[in-house]
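Scroll down for the structure; my scribbles are underneath it.
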Amino acid sequence: MPEYSNLFVCLMGMGTVFFGLICLIALTTIMGKIVGGRAVPAAMPAPAAAPVSAAAEPNRQELVAAVSAAIAEELGTDITGIRIVSMKKL
């Protein structure tokens with residue numbers, strides 16, 4: 001069995017890795033062209049925001065109860081120890 005120098009083994013390893021990477025880049029480029037990678041238009045108009053009215057949240061008390069129950073469960077405390085002062089939609 002022949003003895004290979006450390007430099008030869010290192011160069012063969014790096015050459016194999018770079019060859020594999022070049023093949024991956026080529027295959028990705030070819031597949032992109034085959035599939036027809038259509039670019040998304042850069043400037044898409046944003047839809048107009050609908051005004052939020054009181055009718056959007058008919059059960060405000062139920063929402064507050066659900067949020068406080070979730071917070072109490074996460075903190076591991078009783079629901080009576082949580083007081084929600086205000087809530088606003090983000």
Side-chain angles (χ1 to χ4, degrees):
M1 185 165 152
E3 285 290 319
Y4 296 110
S5 70
N6 292 338
L7 180 63
F8 177 75
V9 172
C10 183
L11 290 176
M12 283 298 290
M14 289 184 0
T16 303
V17 168
F18 281 118
F19 179 74
L21 289 175
I22 290 171
C23 288
L24 282 174
I25 291 170
L27 287 174
T28 304
T29 304
I30 292 170
M31 288 300 293
K33 292 187 189 280
I34 289 174
V35 173
R38 297 176 190 96
V40 177
M44 291 183 62
V52 178
S53 64
E57 297 178 14
N59 299 327
R60 182 82 172 172
Q61 292 176 344
E62 289 180 8
L63 178 66
V64 171
V67 169
S68 48
I71 293 172
E73 182 69 29
E74 183 68 28
L75 295 176
T77 62
D78 191 28
I79 197 166
T80 58
I82 296 174
R83 180 176 174 221
I84 296 180
V85 177
S86 67
M87 288 177 44
K88 62 181 173 181
K89 192 173 186 178
L90 297 177

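We count residues from 1, following the sequence as given. All figures in this text were calculated on a predicted structure; none of them were measured in a lab.
The minimum heavy-atom distance linking R60 with M87 is given by the pair NH2-O, 2.9 Å.
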Distance-only check: which donor-acceptor pairs under 3.5 Å involve side-chain atoms of residues 22-29, not counting sequence neighbours?
| unit_1 | atom_1 | unit_2 | atom_2 | d |
| --- | --- | --- | --- | --- |
| T28 | OG1 | L24 | O | 2.7 |
| T29 | OG1 | I25 | O | 2.8 |

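We find the CG-CD distance between N59 and Q61 to be 8.5 Å, quoted to the nearest 0.5 Å. Atom CG of L75 sits about 5.5 Å away from atom CD1 of I82, to the nearest 0.5 Å.
Apart from Y4 itself, the hydrophobic cluster it occupies contains F8, V9, M12, where clustering links Ile, Leu, Val, Met, Phe, Trp and Tyr at side-chain heavy-atom distances under 4.5 Å.
Taking hydrophobic clusters as Ile, Leu, Val, Met, Phe, Trp and Tyr residues chained together by side-chain heavy-atom distances below 4.5 Å, V67 does not share a cluster with I79.
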